[in-house]
Asker: 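Take this structure first; my questions come after.
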Amino acid sequence: MNDVRPAGVTKRFEIRIEEKTHIGADGTLVPAIRDFVLDIEPDSMTVLMGPSGCGKTTLLRIVAHLDDRFIGDVGVPETARIGLVFQEPRLLPWRTVRQNIELVADPSFTPQDLDHLAAAVGIADMLPRYPQELSLGLARRVALARAFATRPDLLLLDEPFVSLDERTADRLRRLLLEIWQERPTTAILVTHNPREAILLADRLVLLAPRPTHVVASVPITTPQADRDAHAIDAIFADLLQRFPANFSAG
Amino acid sequence: MSVTLIRSEPLRLPRVLRGPLVSVLSILGFLLVWYIAAEIAQSRLLPGPVAVIRYMVQETLHGDLLPELGITLWRVIASFVVAMTIGSVLGIAMGQSAALNRALDPWLVVLLNLPALVIIILAYVWFGLNEAAAIGAVALNKIPNVVVTLREGARALDPGLDEMARAYRLPPLVKLREVTLPQLQPYFAAASRSGVSLIWKIVLVVELLGRPNGVGFELHLNFQLFNVTAILGYTLAFVAVMLAIEYLLVQPLERRTTRWRNKAV
C-alpha cells in the first residue's frame, strides 16, 4: 500500500458548498445547505453545532465523499484518508473487535499501536470479542479506535456520543480529547449538544436551521484541559448572551 | 366460569427427550412400522427393512451400488456448483441494479414456471444424450431459485455498512469479502439447503431419461423388473449419503460461519 501521503493533504481544507438539495419522497425539493463556507485549520478540532435536522449529517457525508450530488467544492481531496465515526458504531458483526480495527488501519499502524490505542480507549479486554457482545458505550469506543487507527488526514465525528447516558458520554468525551491530544489530527465534530461543543472545540461553528449555513465561527481559547464544569458554564453564559438563538434551546 | 391457570414457565421435556436420543428413537420407530407393515403384507412389492438392507450389503460387496452412487453424486455436485455460481452472480447483480432486474425478471418467471421435465427433454433433444446436457439441464432448473434467494439477500444489504466501507476506502475485493459476502451468508445457506435436495431429485429424472448409469438409471431398470427391493435399496443408500453430507459437512460448516451470532451480551 501507499505509505507516502499525497502532497497538500494535511493543509487546511476549504469547504465551499453552494447548494445541496434533497429530493423528498413525494418529489418535492428540500434545500438542505446553501452558501456554506468554512475553512478547517490543520490539527484543530472544529465543532459544528446546529439544531437537529439542520443538515449536519448531510454536510459530513459530502465532506467524506459519500454524497457527490451537490453544487460546490468540498475542498477535501478524494485521496485524503478519512476517519469517520458514525452516529451508530457500524462495526462488522462477523469480525472481532481487533479485526474490525485492523481492517481499516493504516499500514504503519503496528499491533503494538493497536494494543496501546485499545488500552487508551479502555477496550483492551474486548479485542477478541465480537461486536454483539459489547454494550453501546463499548461499541462506540471501538468505532472511535477504528477511526484513529486509520491515521486520518481528516477525522469526522457525527454526534459520536448521542444516546449514551450523560456519565458515559462525558467519560468518552474526555477520552476522545486524550487520544486526540496525543496525536493531534484535523477533526470536524458535529453535535447539537452545547456543553459537548464547548468542551471539545478549538473553534465552534454555529449553524443556521435548514437550509444551513455558517452563522458564526467562535474560537474557544481556554485549553481543553482547563475546561472543567465551571469553565464550561462561564463560556456557555457568554455564548448565550452573544447568540441567544443558538444557545437558548440547549 | 372456570379459571384458567397460565404457567409462567414453558413445559420442559425430561432431559432424556431433548438429546439426539429422540432422533434415534424416531428412526427406530419408522423401521418398526415398516417391518410390521411388511410382515402383514407378505408381498414382494413391499419388502421389509431386513431384506432391503441385505440387498444393499450384497450390492455394495458384489454389485454396482457404490459406482452408481458415485456417478450420481458427481452429477449432483457438478450441477450444484454450476447452479450456485451462475445463480449467485445473477441474483446479486439483479438485487443491486433495478434496470438489470427489470430486464431479466420476465426470464426468471418463465424459468421458475417451466417444468423440469420440459427443460430436460429439450436439453437432450438439442444437445444430445450427453453429460453436459444432463448437468446443464439440472443446473438450469435450479438457477432461478438461487437467483430469487440471492436477489432478496442483495436487496437486504445494510446501507450503513456499505457507507462505512466507502468512507474507509476499502478496495472492492476486500469490501466483497469482509462486508458483502458475510451479509449474504444466510441466503447462500438457504439456497444451498433447498438446492441440494431439489437437485438430487432432478438428477434422478435426468438419469432415468437419458443416462446409461447412476441411481436414476438403476431405478428405471428395476422398475421394469418390478424389483421393489432394489428400488428401496438404491433410494435408501442415496438418502444415507445425503444425510451424511448434511450432518457431517453442511451443519458443521454452518456452525463455523455463524459462530459470531447467538452470543449473549
Asker: Check the pair B:Asp158, A:Arg90 against side-chain contact (heavy atoms from CB on, under 4.5 Å), reporting the backbone distance first and the verdict last.
Answerer: CA-CA 10 Å; B:Asp158 180 354; A:Arg90 296 201 190 173; over 6 Å; no

Asker: Would you mind checking which part of A:Leu91 comes under 4.5 Å of any heavy atom in chain B, side chain (CB onward), backbone (N, CA, C, O), both or neither?
Answerer: backbone

Asker: Tell me the closest heavy-atom pair linking A:Phe86 and B:Ala167, and the distance in Å.
Answerer: CZ-CB, 4.3 Å

Asker: Say you draw a straight line from CZ of B:Arg177 to CG of A:Leu103; how long is it, rounded to the nearest 0.5 Å?
Answerer: 8.0 Å

Asker: Given the rule in the side-chain contact (heavy atoms from CB on, under 4.5 Å) test, do A:Arg61 and B:Glu163 qualify, once you have shown the distances and angles that lead to the verdict?
Answerer: CA-CA 9 Å; A:Arg61 293 184 74 252; B:Glu163 231 174 37; 2.4 Å; yes

Asker: Against chain B, label A:Arg95 side chain, backbone, both or neither, depending on which of its atoms sit under 4.5 Å from a heavy atom there.
Answerer: side chain

Asker: Would you name the heavy atoms of B:Met164 and A:Leu92 that are closest together and state the gap between them?
Answerer: CE-CD2, 3.9 Å

Asker: Heavy-atom distance under 4.5 Å to chain A: side chain of B:Arg169, backbone, both or neither?
Answerer: side chain

Asker: Donor-acceptor check, side chain of A:Trp94 to backbone of B:Val179, threshold 3.5 angstrom: yes or no?
Answerer: no

Asker: So for A:Glu78, is it side chain, backbone, both, or neither that comes closer than 4.5 Å to the heavy atoms of chain B?
Answerer: backbone

Asker: Using non-hydrogen atoms only, which part of B:Gln185 is less than 4.5 Å away from chain A: side chain, backbone, both, or neither?
Answerer: neither

Asker: Could you look at B:Val174 and say if it's the side chain, the backbone, both or neither that has a heavy atom under 4.5 Å from chain A?
Answerer: side chain

Asker: Does CD1 in A:Ile23 sit with more than 12 non-hydrogen atoms of other residues, nucleotides or ligands closer than 6.0 Å?
Answerer: no

